[in-house]
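For reference, the structure discussed in these notes is given below.
Just the heavy atoms: all of them, side chains too, but no hydrogens, waters or symmetry mates, feed the values below. So you know, we letter chains A, B, ... as the sequences are listed, proteins then strands, and number each from 1. Keep in mind the model is a prediction, meaning the values are calculated, not measured.
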Amino acid sequence: MSKVLARLRHNPMTVLGALLCLAIVMAAVLAPWIAPHDPADQDIIARLAPPGGDYSLGTDQFGRDILSRLLWGARISLTVSLGAITVAMVIGGVIGMVSGYIGGSFDLIVMQVMDVLLSFPSLILGLIVVALLGPDLINLVVAIALTAVAPFARIARAPTMALKERAFVEAGRALGFSHLRILFRHILPNIMSEVMVMTSLWMATAVRVEASLSFIGLGVKPPTATWGGMTRDGFENILDAPWLAILPGLAILLLVLGLNMVGDGLRDATDPRLRQE
Amino acid sequence: MTEPLLRVEGLRKHFVLRKGFPRPRTIRVRAVEAVSFTIEPGQAFGLVGESGCGKSTAARALLRLIEPDAGRVLFRGEDVLTARGDALKALRRRIQIVFQDPYSSLDPRQSVGSALTEPMRVHGIATGAEARRRAAALMEEVGLPPSALDRLPHEFSGGQRQRIGIARALTVEPELIIADEPVSALDVSVQAQVLLLLRDLRARRGLSFLFVSHDLSVVRWFCDRVAVMYLGHIVEEGPAARVLAQPQHPYAQVLRDASPVPDPSRRAALPRIIGEIPSAANPPPGCPFHPRCVHAMPVCSERMPEWTPAPGENAGGVACHLVG
């Protein structure tokens, strides 16, 4: 584990990505204290104000402060993606582990179902779920989680299948351990690192899907500030006030980039093929 | 006579594979075919044979790590193969296994202390500080420092890991230990230490052993009785001294002659075994050994030889048309 951390520190891209993510998390956590204005306050006089002046990043068509809305919007992006990926990791991980452990035709059927889920692009699947359940925070989490269950099931299954052939699993059975104990006490700790590496990569996807759904109006309802929603609102005035769409788009880009950089770094650092260096 | 510790009757395990597309063929690998033997309390019973003869499968099947297809396994009169739930758990406490590969037999993320206390907790033997105290005592018993309890398996050598594996088997205070090639993955110098430890434990704790090995010299040193397996069958069984010194079955004779003799003057020309062990997926008819046997007669390829008891009390027996 410490070796993994050391390798991570030596990779400048990973450090940069981690700093980027950390900055956005800090912004989201501290939003109520550092936001210069209330994100819903409308200043009718200063509508569509350009960056600089009273409002450092300008205002939108209702005269709301862009900077404050970006800071508050970070909360939605992070809550939804973190929540969705946590749910997907737990459900997908358990499905993959149990399926790989039991094996046989049970495994075959479960994995076929996962393949069907996997064949839907995540945006389409999210769209269907939100359209069925209605747009709110919990439904968004459910929708995005559903799109990420199958990949986590696949990631958890492969090492489980390899581990269950090891003698220590047989030893556990000979010692009278239950299957649940073997799965969660002995197999789970050994596959955790592989699953964790995937979380940051899929977090980035979740951020993207959340933003896309908000962009097409299926995200958390207005007037709550979301990055995808702000980009869509900005689109209406893209010629007069291009910063309205560019700034939230940039925020999405930075978060996705940061998460991907951390994810790539984690994957390389835990890849046994790259360990010789 | 008292009841035996373990009685195995007609144990059978076939692995069925389906191969090929679009018309799959069913391949039946007859790994273990009607294996029977008994182990008396306190006895060390050796199961020998070359690799692929089904000896490890037999050991696993009688523990139900692999479900056998047929046969009976009685442990002190209790049926192992029909036991379920708590009864099976209780039986498993009394029969433990030590594995061949010390590198895969320990959970790489579990400290040694945890690996030794977990079985005690599961079986309600001891918890907390008491379990820890017992684990430390076991470490000492297998010749490792109790201070090593907090370390992870990768910090130990192969021989040390095998000692930990033995200590783990002892946590539940078993009566019978199935040792599946317990030293063949170790360096020769370490093999002797681990064997001495097993013999010490046997004497001190009155343990019985089912000792699975391909190494005749190890079996000769450790075991009271020996069964020789070939292609899923036991071809000869009896007291170790007799079976390994004056084997009656031609296969057992070849095995004896193939094991190194410490006296160079006797080394001379050894009868070589001909060919390879046949596939258990397609065993020869009649006696499984006849295609490689120098004494093969027409009858050998037609009928499976009967079990013929060797002369004398408890002297075992042999399955060969040459005898009886």
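Counting heavy-atom neighbours within 6.0 Å of B:Arg134 CZ, excluding the residue itself, gives a total above 12. Under a cut-off of 6.0 angstrom, the local environment of CZ in A:Arg181 is crowded, with over 12 non-hydrogen atoms contributed by other residues, nucleotides or ligands. Counted within 6.0 Å of CZ on B:Phe15, heavy atoms from surrounding residues, nucleotides or ligands total more than 12; the atom is thus considered enclosed.
Using a 4.5 Å cut-off on side-chain heavy atoms (C-beta onward), A:Phe168 and B:Gln110 make no contact. Counting only heavy atoms from C-beta outward, the side chains of A:Arg173 and B:Arg64 never approach each other to under 4.5 Å. Within the 4.5 Å cutoff, the side chain of B:Val172 has heavy atoms near those of the A:Leu175 side chain. Contact check for A:Met192 versus B:Arg109: no side-chain heavy atoms found under the 4.5 Å cut-off.
B:Pro119 and A:Phe177 make their closest contact through CA-CE2, 3.8 Å (heavy atoms, listed as atom of the first residue, atom of the second, distance). The minimum heavy-atom distance linking A:Ala167 with B:Ser105 is given by the pair CB-CA, 3.7 Å. In terms of heavy atoms, A:Ala174 sits closest to B:Ile97 at CB-CG2, 3.5 Å. Taking each heavy atom of A:Asn190 and B:Pro108 in turn, the nearest pair found is OD1-CG, 3.2 Å.
Interface summary for chain B: among A:Arg185, A:Arg166, A:His186, the most heavy-atom pairs under 4.5 angstrom belong to A:His186. Top candidate by heavy-atom pairs under 4.5 Å with chain A, chosen from B:Asp107, B:Ile95, B:Leu63, B:Leu91, is B:Asp107.
Only the side chain of B:Arg121 comes within contact range of chain A, judged by heavy atoms closer than 4.5 Å. With a 4.5 angstrom heavy-atom cutoff, B:Leu106 touches chain A only via backbone atoms. Of the atoms belonging to B:Arg168, heavy atoms from both backbone and side chain fall under 4.5 Å from chain A.
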